[in-house]
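Residue numbers count from 1 along this sequence.
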Amino acid sequence: AGTLNVVGVIALAESMKTIRQIGWNNIISHEKKLTKKLVENIAAIPKVKTYVAPEKYNEKRTGVLAFNVNNYHPALVSAILDNEYNIETRSGTICSHRLVRKWLAIKDREQKRIENEIQNGNLLASYGIVRASIGVHNTEEDIEALITAVKENDTNGPQLHYSTVPSEETYKPIRH
């Protein structure tokens, strides 16, 4: 069977202890409160598109927001948030390729063209979304920071210059 994952077992036990101390309902309530604030504020930014209407964030939704910023590749938005604001998000099709493709209305012909570019090494030919995930560790200040960052970028654009790294599906800041 191999070596036991002792570190994983200890981490799981500590996580379960923390969940019991905080209380599951308190965790859910905390995440819902932060998610509501994030969704309502991000959805109100003019150049931002969210894919689930704010009113649809109900009891069955998790603390995740999918969005895009007009005229920006999602990988660039994530790079800006990371490099300029120290906010980590994820971008791409986020292990939900079919859902993201549906949200973005990518037709079969376009999908084929994109797949060909990707096969030729341009991973930035892909489409996607930016995903912000909220957990028990997040604070109101974290949510305010993300809202402020997206608003500032919407108004002023990025403060750094970025170069594309197509083979890694990312953008890197150009350091002078």
Engineer: Within the supplied structure, the quantity of interest is the number of heavy atoms (other residues, nucleotides, ligands) at a distance under 6.0 Å from N71 CG; does it exceed 12?
Structural biologist: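 Open.
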Engineer: Quick one: does Q159's side chain have a donor or acceptor within less than 3.5 Å of a partner on G157's backbone?
Structural biologist: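 The answer is yes, because a donor-acceptor pair under 3.5 Å joins these two groups.
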Engineer: How long is the straight-line distance from CD1 of I134 back to CG of L38, given to the nearest 0.5 Å?
Structural biologist: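 Going from CG on L38 over to CD1 on I134, the span is 4.5 Å.
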Engineer: Once rounded to the nearest 0.5 Å, what's the spacing between atom CD1 of I129 and atom OG1 of T50?
Structural biologist: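 Reported to 0.5 Å precision, the distance equals 11.5 Å.
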Engineer: Do T170 and E168 meet the criterion of a side-chain donor-acceptor pair at a distance under 3.5 Å?
Structural biologist: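 Their side chains do not contain a donor-acceptor pair, so the 3.5 Å distance test is not met.
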Engineer: Any chance you could measure I147, atom CD1, to N41, atom CG, to the nearest 0.5 Å?
Structural biologist: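 If we round to the nearest 0.5 Å, I147:CD1 and N41:CG are 4.0 Å apart.
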Engineer: Any link between M16 and I28 through a network of hydrophobic side chains (Ile, Leu, Val, Met, Phe, Trp, Tyr) touching at under 4.5 Å?
Structural biologist: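 M16 clusters together with I28.
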Engineer: With hydrophobic residues grouped by side-chain heavy-atom distances under 4.5 Å, do V100 and I118 end up in a single group?
Structural biologist: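 Per the 4.5 Å side-chain linkage, V100 and I118 are co-clustered.
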Engineer: Give the intermediate values and the outcome of salt bridge (charged side-chain N to carboxylate O under 4.0 Å, His left out) for residues K37 and D142.
Structural biologist: CA-CA 11 Å; K37 180 175 186 163; D142 294 333; over 6 Å; no
Engineer: Would you check if the side chain of N138 reaches a backbone N or O of G135 as a donor-acceptor pair within less than 3.5 Å?
Structural biologist: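 Flag set: sc N138 to bb G135 pair under 3.5 Å.
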Engineer: Nearest heavy-atom pair of I174 and S163: which atoms, and what distance?
Structural biologist: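 Minimum heavy-atom separation between I174 and S163: CG1-N, 3.8 Å.
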Engineer: For K107 and E110, run salt bridge (charged side-chain N to carboxylate O under 4.0 Å, His left out): C-alpha distance rounded to whole Å, both residues' side-chain angles, the deciding distance at 0.1 Å, then the answer.
Structural biologist: CA-CA 5 Å; K107 304 289 184 214; E110 178 70 0; over 6 Å; no
Engineer: Taking atom types as modelled, is there a side-chain donor on Q119 or E115 under 3.5 Å from an acceptor on the other?
Structural biologist: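 E115 and Q119 do not have a side-chain donor-acceptor pair below 3.5 Å.
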Engineer: I'd like to know if the side chain of N153 pairs up with that of Y85 as donor and acceptor (distance under 3.5 Å, no hydrogens or angles considered).
Structural biologist: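 On atom types as modelled, these side chains do not qualify, holding no pair under 3.5 Å.
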Engineer: Are more than 12 heavy atoms, taken from residues, nucleotides or ligands other than N25, located less than 6.0 Å from that residue's CG atom?
Structural biologist: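 Atom CG in N25 is not packed in, count stays at 12 or less.
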Engineer: Counting neighbours of CD on E88 that are heavy atoms of other residues, nucleotides or ligands and sit closer than 6.0 Å, is the number greater than 12?
Structural biologist: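 No, CD of E88 has 12 or fewer neighbouring heavy atoms, counting only those of other groups under 6.0 Å.
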Engineer: Consider side chain to side chain contact (heavy atoms under 4.5 Å, CB included). Of I45, V39, V77, V52, which one does F67 pass it with?
Structural biologist: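 So the option named by the test is V77.
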Engineer: Do L4 and V9 have side chains that approach each other closer than 4.5 Å (heavy atoms only, starting at C-beta)?
Structural biologist: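 L4 vs V9: side chains apart.
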Engineer: Less than 4.0 angstrom from a charged side-chain N to a carboxylate O is my criterion; do K172 and D82 meet it?
Structural biologist: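 No, no charged N to carboxylate O under 4.0 Å.
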Engineer: Determine whether a donor-acceptor pair (N or O, by modelled atom type, separation under 3.5 Å) exists between the side chain of R101 and the backbone of I106.
Structural biologist: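 At least one qualifying donor-acceptor pair exists.
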Engineer: Using side chain to side chain contact (heavy atoms under 4.5 Å, CB included), reason through I27 and I19 one step at a time and then give a plain yes or no.
Structural biologist: CA-CA 8 Å; I27 292 170; I19 289 170; 4.1 Å; yes
Engineer: Is there a side chain to side chain contact (heavy atoms under 4.5 Å, CB included) between T139 and I143? Walk through the geometry before answering.
Structural biologist: CA-CA 7 Å; T139 64; I143 301 309; over 6 Å; no
Engineer: Do you know the tightest heavy-atom contact between P46 and D154?
Structural biologist: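 That would be CD-OD2, 3.7 Å.
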Engineer: Rounded to the nearest 0.5 Å, what separation is found between the CG atom of N68 and the NZ atom of K49?
Structural biologist: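 N68 CG to K49 NZ: 9.0 Å, rounded to 0.5 Å.
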Engineer: Using the side chain to side chain contact (heavy atoms under 4.5 Å, CB included) rule, take V130 and V69 through it: C-alpha gap first, then chi angles, then the decisive distance, then the call.
Structural biologist: CA-CA 9 Å; V130 179; V69 179; 6.0 Å; no
Engineer: Examine I80 and V165 and state if one hydrophobic cluster contains both, with Ile, Leu, Val, Met, Phe, Trp and Tyr joined whenever side-chain heavy atoms are less than 4.5 Å apart.
Structural biologist: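 Hydrophobic grouping puts I80 apart from V165.
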Engineer: So which atom in P173 and which in L160 form the shortest heavy-atom distance, rounded to 0.1 Å?
Structural biologist: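 Minimum heavy-atom separation between P173 and L160: CB-CD1, 4.0 Å.
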Engineer: Taking all atoms of both residues into account, what is the closest heavy-atom pair of G128 and L104, and its distance?
Structural biologist: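 Looking at all heavy atoms of both residues, the closest pair is O-CD1, 3.6 Å.
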Engineer: Side chains of N26 and H30: does their closest heavy-atom pair fall under 4.5 Å?
Structural biologist: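 Answer no - side chains too far apart.
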Engineer: Can you name the nearest heavy-atom pair linking G92 to E169, along with the distance?
Structural biologist: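 For G92 versus E169, the nearest heavy atoms are CA-OE2, 4.3 Å.
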Engineer: At their closest point, which heavy atom of P74 faces which heavy atom of S91, and how far apart are they?
Structural biologist: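 The answer is O-CB, 3.4 Å.
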Engineer: Should H97 and K102 be marked as a side chain to side chain contact (heavy atoms under 4.5 Å, CB included) after you check the CA-CA gap, both sets of side-chain angles, and the distance that decides it?
Structural biologist: CA-CA 9 Å; H97 178 87; K102 178 182 167 189; over 6 Å; no
Engineer: List the steps and the verdict of side chain to side chain donor-acceptor pair (under 3.5 Å) for Y171 and N83.
Structural biologist: CA-CA 10 Å; Y171 290 74; N83 291 291; over 6 Å; no
Engineer: Can you confirm whether V64 sits close enough to R131 that some side-chain heavy atom of one is under 4.5 Å from a side-chain heavy atom of the other?
Structural biologist: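 Contact flag for V64/R131 side chains = yes.
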Engineer: Take S96 and R98 through the side chain to side chain donor-acceptor pair (under 3.5 Å) test and state the conclusion after the steps.
Structural biologist: CA-CA 6 Å; S96 292; R98 288 182 185 189; over 6 Å; no
Engineer: Kindly say whether E31 contributes a backbone atom to a donor-acceptor pair with the side chain of T35 at under 3.5 angstrom?
Structural biologist: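 Checked: pair present.
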Engineer: Drop me the distance from L34's CG to L146's CG, to the nearest 0.5 angstrom.
Structural biologist: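 Going from the CG atom of L34 to the CG atom of L146 covers 11.5 Å.
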Engineer: Drop me the distance from R175's CZ to H161's NE2, to the nearest 0.5 angstrom.
Structural biologist: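 Reported to 0.5 Å precision, the distance equals 12.5 Å.
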Engineer: Could you see if V7 belongs to whatever hydrophobic cluster contains L12? Use Ile, Leu, Val, Met, Phe, Trp, Tyr and a side-chain cutoff under 4.5 Å.
Structural biologist: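 They do not share one cluster, since no chain of ILVMFWY contacts under 4.5 Å joins V7 to L12.
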Engineer: If you group Ile, Leu, Val, Met, Phe, Trp and Tyr by side-chain heavy-atom gaps below 4.5 Å, do Y51 and L81 land in one group?
Structural biologist: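 In one cluster: yes.
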Engineer: Are any of the side-chain heavy atoms of E84 and E152 separated by less than 4.5 Å?
Structural biologist: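 Result no, sub-4.5 Å side-chain heavy-atom pair not found.
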Engineer: Hey, do the aromatic rings of Y162 and H73 have their centres closer than 6.0 Å?
Structural biologist: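 No, the ring of Y162 stays outside the 6.0 Å limit from the ring of H73, centre to centre.
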